[in-house]
Amino acid sequence: MGTFQRATKLPEIISLDVLRDAIPDYAKDIRLNLSALINDKLLSEQQKWGAMISAAHASGCWALYLAVDTDAQTRISAEACLAAKSAAAIMAMNNVYYRSLHLLENQEYTTLRTGLRVNVTASPGVASGDFEFWCFVASAINSC
């Protein structure tokens with residue numbers, strides 16, 4: 001789980017095309033994979049762009065987050081954008097908590113009430129399958 005890091009050589013509002021073009025030649029494969037991902041038709045636009053928002057948010061990379069957020073706003077609804085961000089946010093919380101429990105030797109902690117609020121899961125504003133997919137994406141980025 002990263003923290004946002006401001007890129008100094010990119011404008012405040014960027015697109016994925018601008019970000020992709022800024023990727024140096026030594027990372028050409030990443031540039032090509034990003035293009036392939038943007039053009040992929042396996043997922044619906046909402047599933048794809050929600051996953052990209054969730055992943056970018058979970059990555060903590062400010063430039064990536066700005067680029068994905070800028071492009072996603074023109075491709076999916078504001079509700080879907082918010083739900084994808086919410087998925088990343090609650091998974092950051094859940095991943096830290098449950099990973100910590102896993103690492104603790106005292107198993108008594110696993111019996112305690114968590115007290116974590118996950119109200120957004122009851123009504124995320126999008127299909128529950130999409131929201132759960134975006135939660136899974138964030139968890140993968142968080143290595144959980």
Side-chain angles (χ1 to χ4, degrees), residues 1-23 27 29-144:
M1 185 171 49
T3 58
F4 284 121
Q5 297 174 351
R6 175 117 167 81
T8 57
K9 296 182 181 181
L10 293 170
E12 187 66 28
I13 298 176
I14 61 173
S15 68
L16 277 173
D17 290 335
V18 170
L19 184 65
R20 184 191 60 228
D21 293 344
I23 296 172
D29 289 330
I30 293 172
R31 196 169 53 224
L32 294 171
N33 289 332
L34 181 57
S35 292
L37 177 64
I38 292 168
N39 296 315
D40 187 77
K41 301 296 182 206
L42 179 64
L43 301 172
S44 72
E45 285 293 290
Q46 177 168 296
Q47 291 167 335
K48 175 173 60 177
W49 285 97
M52 290 171 61
I53 290 171
S54 184
H57 200 287
S59 78
C61 177
W62 185 247
L64 178 61
Y65 173 74
L66 287 176
V68 169
D69 193 55
T70 298
D71 285 0
Q73 289 179 32
T74 65
R75 291 178 166 88
I76 61 175
S77 70
E79 292 81 12
C81 288
L82 182 61
K85 293 172 190 177
S86 296
I90 66 162
M91 294 318 294
M93 174 183 65
N94 284 338
N95 294 158
V96 168
Y97 179 79
Y98 287 104
R99 183 69 180 148
S100 297
L101 282 183
H102 175 73
L103 295 172
L104 292 171
E105 289 184 21
N106 186 342
Q107 291 301 303
E108 187 175 335
Y109 288 110
T110 63
T111 65
L112 300 175
R113 182 180 179 281
T114 66
L116 298 178
R117 304 279 184 195
V118 291
N119 294 330
V120 70
T121 61
S123 182
V126 295
S128 62
D130 289 354
F131 186 76
E132 290 170 9
F133 173 52
W134 302 335
C135 287
F136 178 78
V137 167
S139 288
I141 298 296
N142 294 334
S143 298
C144 199

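Numbers for residues simply follow the sequence, beginning at 1.
- Residue Arg75 holds its CZ atom at 10.5 Å from OG1 of Thr70, rounded to the nearest 0.5 Å.
- When the salt bridge (charged side-chain N to carboxylate O under 4.0 Å, His left out) test is applied to Glu45, the partners found at least two apart in sequence or on another chain are Lys48.
- Looking only at distances, a side-chain donor or acceptor of Asn33 sits under 3.5 Å from a matching main-chain atom of Asp29.
- The closest donor-acceptor contact from the side chain of Ser59 to the backbone of Ala56 lies under 3.5 Å.
- Closest approach of Ile23 to Leu34, counting heavy atoms only: CD1-CD2, 4.4 Å.
- The two residues Phe131 and Ala83 come nearest to each other via the heavy atoms CE1-O, 3.4 Å.
- Side-chain atoms of Ser139 and Asn95 include a donor-acceptor pair closer than 3.5 Å.
- A pairwise comparison of heavy atoms in Val137 and Ala55 identifies CG1-CB, 3.7 Å as the closest pair.
- In this structure, the separation between CG on Asp69 and SG on Cys81 is 6.0 Å, given to the nearest 0.5 Å.
- Contact of the Asp71 side chain with the Met52 side chain is not registered, since no non-hydrogen atoms from C-beta on lie closer than 4.5 Å.
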Show me the donor-acceptor pairs within less than 3.5 Å that the side chains of residues 116-130 make with the rest of the protein, sequence neighbours left out.
{"unit_1": "Thr121", "atom_1": "OG1", "unit_2": "Val118", "atom_2": "O", "d": "2.7"}
{"unit_1": "Asp130", "atom_1": "OD1", "unit_2": "Gln47", "atom_2": "NE2", "d": "3.2"}
{"unit_1": "Asp130", "atom_1": "OD2", "unit_2": "Gln46", "atom_2": "NE2", "d": "2.8"}

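- Closest of all the heavy-atom pairs between Ile14 and Ala63 is CD1-O, 3.4 Å.
- Screening Leu66, Asp21, Leu64, Leu37 for a side chain to side chain contact (heavy atoms under 4.5 Å, CB included) involving Leu16 leaves a single residue, Leu64.
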**Q.** His57/Trp134 under side-chain contact (heavy atoms from CB on, under 4.5 Å): CA gap, chis, key distance, verdict
**A.** CA-CA 11 Å; His57 200 287; Trp134 302 335; over 6 Å; no
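- A donor-acceptor pair under 3.5 Å is formed between the side chain of Asn39 and the backbone N or O of Ser35.
- No side-chain heavy atom of Ile141 sits under 4.5 Å from any side-chain heavy atom of Met91.
- A search for salt bridge (charged side-chain N to carboxylate O under 4.0 Å, His left out) contacts involving Arg20 returns Asp17, not counting sequence neighbours.
- Contact detail for Ala88 and Ala138: the closest heavy-atom pair is CA-CB, 3.8 Å.
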